[in-house]
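Note sheet for the following structure.
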Amino acid sequence: MSLTALLVDDYDDAIAFYVGSLGFELRENTAVAAAKRWVVVAPPGAASGLLLARAVDDRQRRAIGDQAGGRVFLFLETDDFARDYEGYIDRGVRFTEPPRHEPYGTVAVFEDPYGNRWDLIQPVREGGPA
């Protein structure tokens, strides 16, 4: 599995969002030291996931939610945009814009509780619409 480290301030709050609100799977949650855990979440069936890394110093705490300087840097692909968009809204996910149709697919930007910007995207498939 490929992982992307994502700075968070609290493991359990992050798990609540990614598993409870986005429907990710909790793939691993193992204590590795007194206050450190190896926490991996991923969309169901995905070959890649997020390593939720609790910030441990001031520099890391300042980077929470701003790991990409305010740009979208995480992309969540769906095969049913309307289902997931409505479901996320129902579970309190905050979108920063309405859905839009682009040549590459249907997309809307949402933020996680830390301010990281995500694209929810249903790509256009060859031979058909998004």
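Only this structure's heavy atoms are used, side chains among them; waters, hydrogens and symmetry mates stay out. We number each residue from 1, following the sequence as shown.
- Atom CG of D84 sits about 12.0 Å away from atom OG1 of T106, to the nearest 0.5 Å.
- V8 and A14 make their closest contact through CG1-CB, 3.8 Å (heavy atoms, listed as atom of the first residue, atom of the second, distance).
- By the neighbour-count criterion of 12 heavy atoms within 6.0 Å, atom CZ of R71 is sparsely surrounded, having that number or fewer from other residues, nucleotides or ligands.
- Under the 4.5 Å side-chain contact rule for hydrophobic residues, V40 and V32 share a cluster.
- The hydrophobic cluster containing F75 does not contain Y104, counting ILVMFWY residues as joined when their side-chain heavy atoms lie under 4.5 angstrom apart, directly or transitively.
- When side chains are defined from C-beta on, V41 counts as touching L52, because their heavy atoms get closer than 4.5 Å.
- Proximity of E77 to P123: side-chain heavy atoms (C-beta onward) are separated by under 4.5 Å at one or more points.
- The shortest distance between side-chain heavy atoms of L6 and L74 falls below 4.5 Å.
- Side chains of L76 and P43 form a contact here, defined as non-hydrogen atoms less than 4.5 Å apart.
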Notebook entry, point to check: Would R100 and V107 count as a side-chain contact (heavy atoms from CB on, under 4.5 Å) if you check the C-alpha gap in whole Å, the side-chain angles of each, and the deciding distance to 0.1 Å?
Noted result: CA-CA 6 Å; R100 66 184 192 279; V107 64; 3.5 Å; yes
Note to self: Run F110 and N116 through side-chain contact (heavy atoms from CB on, under 4.5 Å) and show every step you take.
What the structure shows: CA-CA 8 Å; F110 69 91; N116 295 303; over 6 Å; no
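- Of all heavy-atom pairs spanning G49 and A42, the tightest one is CA-CB, 3.8 Å.
- Annotation for A55 and I64: closest pair CB-CD1, 3.7 Å, computed over non-hydrogen atoms.
- L120 is listed as a side-chain neighbour of F95, based on a closest heavy-atom distance under 4.5 Å.
- Between F73 and D119, the closest side-chain pair of non-hydrogen atoms is not below 4.5 Å.
- Rounding to the nearest 0.5 Å places OH of Y88 at 8.5 Å from CZ of R83.
- Here the CG-CG distance, from L22 to D112, works out to 8.0 Å after rounding to the nearest 0.5 Å.
- Between R62 and D66, none of the side-chain N atoms (NZ, or NE/NH1/NH2) sits under 4.0 Å from a carboxylate O, so this pair counts as no salt bridge.
- V39 is listed as a side-chain neighbour of I15, based on a closest heavy-atom distance under 4.5 Å.
- Applying the salt bridge (charged side-chain N to carboxylate O under 4.0 Å, His left out) rule to pairs touching residues 33-47 yields D12-R37, sequence neighbours excluded.
- Aromatic ring centroids of F24 and F17 lie 6.0 Å or more apart.
- Ring geometry for Y18 against W118 counts as tilted: the plane angle lies between 30° and 60°, on a 0 to 90° scale.
- In this structure, V93 is not a member of the same hydrophobic cluster as V109, with clusters built from ILVMFWY side-chain heavy atoms closer than 4.5 Å.
- In terms of heavy-atom proximity, P98 sits nearest to Y85 at CA-OH, 4.3 Å.
- Shown here for P99 and A108, the closest heavy-atom pair between the two residues is CA-CB, 3.9 Å.
- E111 contributes atom CD, which lies 6.0 Å from atom CZ of R117 (distance to the nearest 0.5 angstrom).
- For D58, the salt bridge (Lys or Arg N to Asp or Glu O under 4.0 Å) partners two or more places apart in sequence, or in a different chain, are R61.
- The backbone N or O of D79 sits less than 3.5 Å from a side-chain atom of Q122, completing a donor-acceptor pair.
- Atom CD of E86 and atom CG of D80 lie 10.5 Å apart (nearest 0.5 Å).
- The cluster map of Ile, Leu, Val, Met, Phe, Trp and Tyr, joined by side-chain heavy atoms under 4.5 Å apart, puts L51 and V19 in different clusters.
- The shortest non-hydrogen separation linking L7 to Q67 is N-OE1, 2.6 Å.
- In this structure, CG on D9 lies 12.5 Å from CD on Q60, to the nearest 0.5 angstrom.
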